[in-house]
Structure formats: structure tokens, C-alpha cells
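The model shown is predicted, which means the values in this text are computed figures rather than measured ones.
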Amino acid sequence: MSKPLALRFLRSAGDAAELPESRCEVALVGRSNVGKSSLLNAVANRKGLARTSKAPGATRLLNVFELQGEPGRWLVDLPGYGFAKAPKADRRRWQQMIDGYLLDRPALVQVLLLIDGLVGPTPLDLQTVEWLTHHDVALRPVATKADKVKPSRRGARRNELAQSLGVAASDVLWTSAAKGQGIPELRAELAAALRRP
């Protein structure tokens with residue numbers, strides 16, 4: 001069983017240009033209420049590491065978490081997309097921040113695209129997949145909230161979600177921050193990605 005990742009909050013930034021150079025970065029991307037912060041806390045096995053909120057859109061900055069004792073190896077939590085209650089100007093600024101980060105960080109090795117396993121890919125999710133693919137950004141689909149999918153629907157849901165993304169069902173990692181499903185596998189993948197030479 002994979003050990004929790006020893007992550008510590010390093011800093012927040014409103015723009016990728018504010019961040020110093022790093023050695024290796026993995027980004028968390030997804031809709032506002034997909035459960036990014038909960039998944040990050042589960043990976044580190046620390047409830048309060050990333051702030052969670054019942055209201056979507058709590059993450060409004062680039063939040064950097066560093067592997068303890070390994071400077072420059074970062075997990076970066078990006079603001080969620082699709083948050084409709086914020087003013088248009090704020091949403092536009094967040095999108096520019098996200099796009100700038102994803103295109104301008106030479107140390108970025110992978111993007112974990114989080115998709116709600118119960119809801120399936122939304123048009124915004126599919127647009128994000130298309131954008132990342134177009135820009136040759138390495139992408140790993142991760143389905144969240146697997147525990148919310150009824151057992152009788154799980155097989156069909158896995159196939160539907162993968163088909164919508166245009167990948168094999170085995171290429172999607174299914175996780176549940178609440179129940180721990182898929183968390184050991186995700187920890188192992190993240191540890192390997194963040195420790196690339």
C-alpha cells in the first residue's frame with residue numbers, strides 16, 4: 001500500500017509568472033465542484049491541507065504543495081472551471097491564469113484531469129481535454145466520487161465515461177476521497193511523476 005504523500009503548502013499565486021522555477025510539477029484540473037481539494041487531502045492523508053468548501057469555486061489562486069524534503073517537486077491545485085456565480089471578469093481572469101500556467105511552466109510533466117464519476121464529462125470537461133491535447137499537455141483522466149455511483153451502474157458508467165473521453169476504460173483511474181478507493185494507486189502515480197529526474 002502506498003504511503004501518503006508528504007505534502008506541505010508552499011505558496012499561492014495569482015499568476016504563473018509569480019512562481020519561481022521548480023524541478024517537477026503535476027497540476028490538478030477540473031470543474032469547481034469535482035472534489036479537487038478533497039482528493040488532494042486524501043492523497044496526503046491530511047484533512048486540512050487543502051481548503052474544502054461546500055460552495056464551488058473556493059480555489060481562486062494557483063495553490064502550490066511541495067513534497068517535504070524535496071524542494072521544487074510540486075503538486076499545483078488550479079482554480080476550478082465552470083464556476084458560474086462569480087462575475088464574468090473574475091471568471092475570465094481565472095481562465096487566463098489557468099491557461100498561462102498550463103502553457104508557461106516548463107517543469108509541468110502531467111495534468112490530472114478530474115471528472116465527476118457520477119455526472120460524467122461535461123462539455124467544459126471535453127473542451128478542456130481537447131485544449132490540453134491540442135497543446136500536447138500530458139493528461140491523466142481521474143474520475144472522482146466513485147462511491148456515489150450505484151454498484152449496478154459502475155461497469156456501464158466506467159465505459160460511458162471513457163468512451164466520452166475517447167480513451168480505454170482502463171485509462172481512467174476511479175477514485176473516492178471519502179472511501180479511499182483508488183487513492184493508493186493515485187499516490188503511487190503522483191510519487192513517480194513528481195520524482196522524475
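By the criterion of side-chain heavy atoms lying less than 4.5 angstrom apart, applied directly or through intervening Ile, Leu, Val, Met, Phe, Trp or Tyr residues, Val137 is grouped together with Ile98 in one hydrophobic cluster.
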Between Glu160 and Arg153, does the salt bridge (charged side-chain N to carboxylate O under 4.0 Å, His left out) criterion hold? Intermediate values first, please.
CA-CA 10 Å; Glu160 290 163 3; Arg153 285 281 302 142; 3.1 Å; yes

Evaluate the side chain to side chain contact (heavy atoms under 4.5 Å, CB included) criterion for residues Arg31 and Val119: first the C-alpha distance (whole Å), next the side-chain angles of each, then the deciding distance (0.1 Å), finally the verdict.
CA-CA 11 Å; Arg31 285 194 305 121; Val119 175; 4.1 Å; yes

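Val129 and Thr133 get closest at one heavy-atom pair: O-OG1, 2.7 Å. Across all non-hydrogen atoms, the minimal contact from Asp77 to Ser37 is OD2-OG, 3.8 Å. Smallest separation of non-hydrogen atoms from Leu19 and Ala13: CD2-CB, 3.7 Å. Contact record, Ser22 with Ala107: OG-CB, 3.3 Å, taken as the closest heavy-atom pair. Of all the heavy atoms in Leu102 and Ala27, the pair that sits closest is CD2-CB, 4.4 Å. Smallest separation of non-hydrogen atoms from Ser38 and Ala177: O-CB, 3.7 Å.
Counting only heavy atoms from C-beta outward, the side chains of Leu103 and His135 approach each other to under 4.5 Å. Between Tyr101 and Gln96, the closest side-chain pair of non-hydrogen atoms is not below 4.5 Å.
Applying the side-chain contact (heavy atoms from CB on, under 4.5 Å) test to Pro4 and every residue at least two apart in sequence or in another chain returns Asn45, Arg187. For the ring pair (Phe, Tyr, Trp, His ring centres under 6.0 Å) test, no residue two or more places apart in sequence or in another chain qualifies with His134. Under the salt bridge (charged side-chain N to carboxylate O under 4.0 Å, His left out) criterion, Glu185 pairs with no residue at all, not counting sequence neighbours. Asn159 is linked by a side-chain contact (heavy atoms from CB on, under 4.5 Å) to Ala169, counting only residues two or more places apart in sequence or in another chain. In this structure Arg11 satisfies the salt bridge (charged side-chain N to carboxylate O under 4.0 Å, His left out) test with no other residue, sequence neighbours excluded.
With no hydrogens or angles considered, no side-chain donor-acceptor pair links Thr128 and Asp125 at under 3.5 Å. A side-chain N or O of Asn63 and one of Ser12 form a donor-acceptor pair less than 3.5 Å apart.
For the atom pair CD of Gln181 and OG1 of Thr144, the computed distance is 11.0 Å after rounding to the nearest 0.5 Å. Between the CH2 atom in Trp74 and the CZ atom in Arg23 there is a gap of 12.0 Å [rounded to 0.5 Å]. Between the NZ atom of Lys47 and the CG atom of Asn41 there is a distance of 10.0 Å, given to the nearest 0.5 Å. The line from CZ of Arg140 to CG of Leu132 is 14.5 Å long, rounded to the nearest 0.5 Å.
Under the 3.5 Å distance criterion, the side-chain polar atoms of Lys36 are matched with a main-chain donor or acceptor of Leu78.
Summarising the hydrophobic clusters (Ile, Leu, Val, Met, Phe, Trp, Tyr; side-chain heavy atoms under 4.5 Å, direct or chained), the residues clustered with Val34 are Leu5, Leu7, Phe9, Val26, Leu28, Leu39, Leu40, Val43, Leu49, Phe65, Leu67, Leu75, Val109, Leu112, Leu114, Val142, Leu173, Ile183, Leu186, Leu190, Leu194.
Around CD of Glu18, the count of heavy atoms belonging to other residues, nucleotides or ligands within 6.0 Å exceeds 12. Within a 6.0 Å sphere centred on CD of Glu70, heavy atoms belonging to other residues, nucleotides or ligands number more than 12.
Between Asp116 and Lys145 a salt bridge is recorded (basic side-chain N to carboxylate O distance below 4.0 Å). Between Arg73 and Glu66 there is no salt bridge, since no side-chain N of the basic residue sits under 4.0 Å from a carboxylate O of the acidic one. A salt bridge does not link Glu25 with Arg196: none of the charged nitrogens is closer than 4.0 Å to a carboxylate oxygen.
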